[in-house]
Amino acid sequence: MKVGVLGAGQLGRMLALSGYPLNHKFGFSGNTDDEPATLLGYTFAKKNTSDNIDFLVEFADVITFESENTDVGIVKKINKKIPVYPNEKSLFITQHRGREKALFNQLNIPCAPYQIINSLEDLKTAIHTIGLPAILKTTMGGYDGKGQFLIHHQDQINDAWNSMNGVESILEGFVNFKRELSLIAVRGIDNSHKYYPLVENTHHQGILRLTIAPAQNINKKVQETAQHYMQILLDEMSYVGVLTIELFETENGLMVNEMAPRVHNSGHWSIEGANTSQFENHIRAITSMPLGDTTLTHPFCAMINIISQLGDIDAVLKMPNAHLHLYDKSERKNRKLGHINMTADSQAELENSIKKLKDFLPK
Ligand code: AMP
């Protein structure tokens with residue numbers, strides 16, 4: 001089939017790399033000529049505007065997207081001609097933190113208390129109810145911790161609201177979490193489901209740096225609970241493709257932070273770490289192919305992001321159980337340039353590999 005991807009970043013690139021062996025063809029809509037995916041397939045539109053998306057739609061049998069910030073209006077327009085997966089409803093909900101949290105509450109999925117904020121007055125009232133510390137976030141468009149303000153004291157309220165530049169925001173109660181976890185799953189057009197194990201994520205300045213797969217010391221009940229939350233979300237949205245939920249592990253169990261309607265950085269380990277990667281499973285789902293087995297290829301896996309600068313990539317290439325994935329991007333501060341996947345047969349072996357790559361991690 002011909003798959004059209006709205007966007008042309010590293011996620012689109014890895015989707016195409018996983019889909020070519022299945023005989024699919026790929027087209028992208030990118031903003032510049034040198035985005036990570038543009039050399040891997042046909043690039044039709046320079047921008048995701050409804051005027052010039054038509055060529056991509058003419059090429060493709062099915063459309064998907066690599067960002068939750070995709071314009072719902074464009075998806076609606078495309079959907080009149082060919083299917084878009086995940087569907088418009090899933091995109092509409094997951095691109096807005098308030099809609100997401102409303103759905104979590106509706107489905108009795110635990111999440112932080114929240115209120116939508118449109119003014120300084122709203123913020124003062126919400127803090128009165130939710131208390132401090134709390135986090136103020138833009139409802140839409142934020143990523144990698146951007147557009148967020150952690151409020152500790154009352155005297156920060158003005159600064160917090162000013163930092164939102166007047167856009168609609170959400171105040172969330174601060175969750176005292178032990179660890180950050182994520183769960184990735186895929187749902188097929190035929191309502192089949194597959195789940196990856198919970199993984200543990202470490203962030204630095206809002207950017208994911210390290211994922212351990214599977215997360216250690218997760219009992220069966222916790223995995224089942226996360227899968228239950230995932231399943232009711234997938235079914236409620238009639239979702240097709242890969243969905244990610246980010247969770248906090250707390251003293252009182254799991255709380256969901258947010259979801260992403262796409263393949264996710266915390267699932268990159270699955271390229272070598274699982275029998276079928278998140279990318280291939282997303283492509284299988286949206287092209288009506290049977291979903292692939294999500295079992296791990298090794299008992300211990302990890303992923304380290306390469307951020308800002310490439311570093312000593314030869315050292316990675318010399319390691320037997322490390323796999324380098326570069327995105328064809330130039331170096332720039334805080335930019336994701338690639339990642340390294342590691343597989344191991346023991347925890348000690350994995351720890352040793354991570355230690356060898358410590359220069360890729362924040363000091
Ligand atoms: P987000 O963009 O929602 O994923 O937030 C970025 C990071 O901020 C998360 O990975 C957490 O480390 C932290 N964070 C977000 N929301 C909360 C919250 N309600 N309580 C505590 N920490 C949070």
Side-chain angles (χ1 to χ4, degrees), residues 11 66-70 91 93-105 109-117 123 126-127 129-153 156-157 160-161 163-165 167-184 198-213 215 226 229-230 233 242-269 303-305 307 334 336 339 361-362:
L11 301 182
E66 57 164 18
S67 167
E68 54 274 34
N69 299 323
T70 303
L91 176 63
I93 293 169
T94 56
Q95 70 181 205
H96 188 280
R97 292 181 191 277
R99 289 180 210 131
E100 262 179 6
K101 289 221 161 44
L103 182 62
F104 298 153
N105 282 339
I109 296 173
C111 67
Y114 74 98
Q115 278 187 29
I116 300 294
I117 308 296
L123 181 58
I127 286 176
T129 319
I130 291 172
L132 292 178
I135 302 188
L136 187 64
K137 306 176 179 178
T138 53
T139 50
M140 296 178 78
Y143 67 97
D144 286 347
K146 291 191 176 69
Q148 303 196 3
F149 197 110
L150 174 58
I151 311 174
H152 289 285
H153 305 290
Q156 292 175 294
I157 295 179
W161 174 243
S163 75
M164 297 291 120
N165 292 318
V167 302
E168 184 193 57
S169 306
I170 183 170
L171 185 76
E172 294 179 12
F174 187 82
V175 177
N176 237 329
F177 58 81
K178 291 193 285 186
R179 294 192 287 179
E180 291 193 77
L181 306 173
S182 59
L183 182 74
I184 294 181
L198 280 163
V199 299
E200 178 176 346
N201 300 315
T202 306
H203 298 85
H204 179 71
Q205 294 172 348
I207 302 176
L208 179 68
R209 301 307 296 253
L210 173 69
T211 295
I212 304 285
Y229 297 155
M230 177 64 95
L233 287 165
V242 163
L243 179 70
T244 305
I245 54 179
E246 294 180 27
L247 305 116
F248 298 128
E249 186 183 35
T250 76
E251 294 291 344
N252 305 314
L254 294 175
M255 284 177 103
V256 175
N257 175 26
E258 61 173 347
M259 5 180 216
R262 54 174 170 82
V263 287
H264 194 259
N265 197 171
S266 68
H268 290 3
W269 62 273
M303 189 263 348
I304 291 177
N305 268 336
I307 308 287
N334 289 343
K336 289 177 181 168
H339 71 271
L361 290 167

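When a ligand or atom number is given, it counts from 1 through the structure's own listing order. Note that the structure is predicted; figures quoted are calculated from it, not measured.
Distances below 4.0 Å separate heavy atoms of N257 from the following atoms of ligand 1: 1 (P), 3 (O), 4 (O), 16 (N). Annotation for ligand 1: atoms under 4.0 Å from non-hydrogen atoms of F177 are 12 (O), 21 (C), 22 (N). For ligand 1, the atoms sitting less than 4.0 Å from at least one non-hydrogen atom of E246 are 4 (O), numbered in the order shown with element in parentheses. Close approach of ligand 1 to E180 is summarised as follows: ligand atoms under 4.0 Å from at least one heavy atom of the residue are 9 (C), 10 (O), 11 (C), 12 (O).
Between V175 and ligand 1, a contact under 3.5 Å exists for at least one N or O pair.
Distances from ligand 1 to the non-hydrogen atoms of G173 include at least one value under 4.0 Å.
Side-chain atoms of E172 do not come within 3.5 Å of backbone N or O of Y114 as any donor-acceptor pair. Using a distance-only test at 3.5 Å, with no hydrogens or angles considered, a donor-acceptor pair links the side chain of K101 to the main chain of N257. For S266 (side chain) and E200 (main-chain N/O), no donor-acceptor pair under 3.5 Å exists by modelled atom type.
L11 and V263 make their closest contact through CD1-O, 3.7 Å (heavy atoms, listed as atom of the first residue, atom of the second, distance). In terms of heavy atoms, L247 sits closest to Y229 at CD2-CD1, 4.5 Å.
If you look at N201 next to ligand 1, there are no close heavy atoms at all, none under 4.0 Å. The side chain of I135, and not its backbone, has at least one atom closer than 4.0 Å to an atom of ligand 1 (non-hydrogen atoms only; side chain from C-beta on).
A donor-acceptor pair shorter than 3.5 Å can be found between the side chains of T139 and E168.
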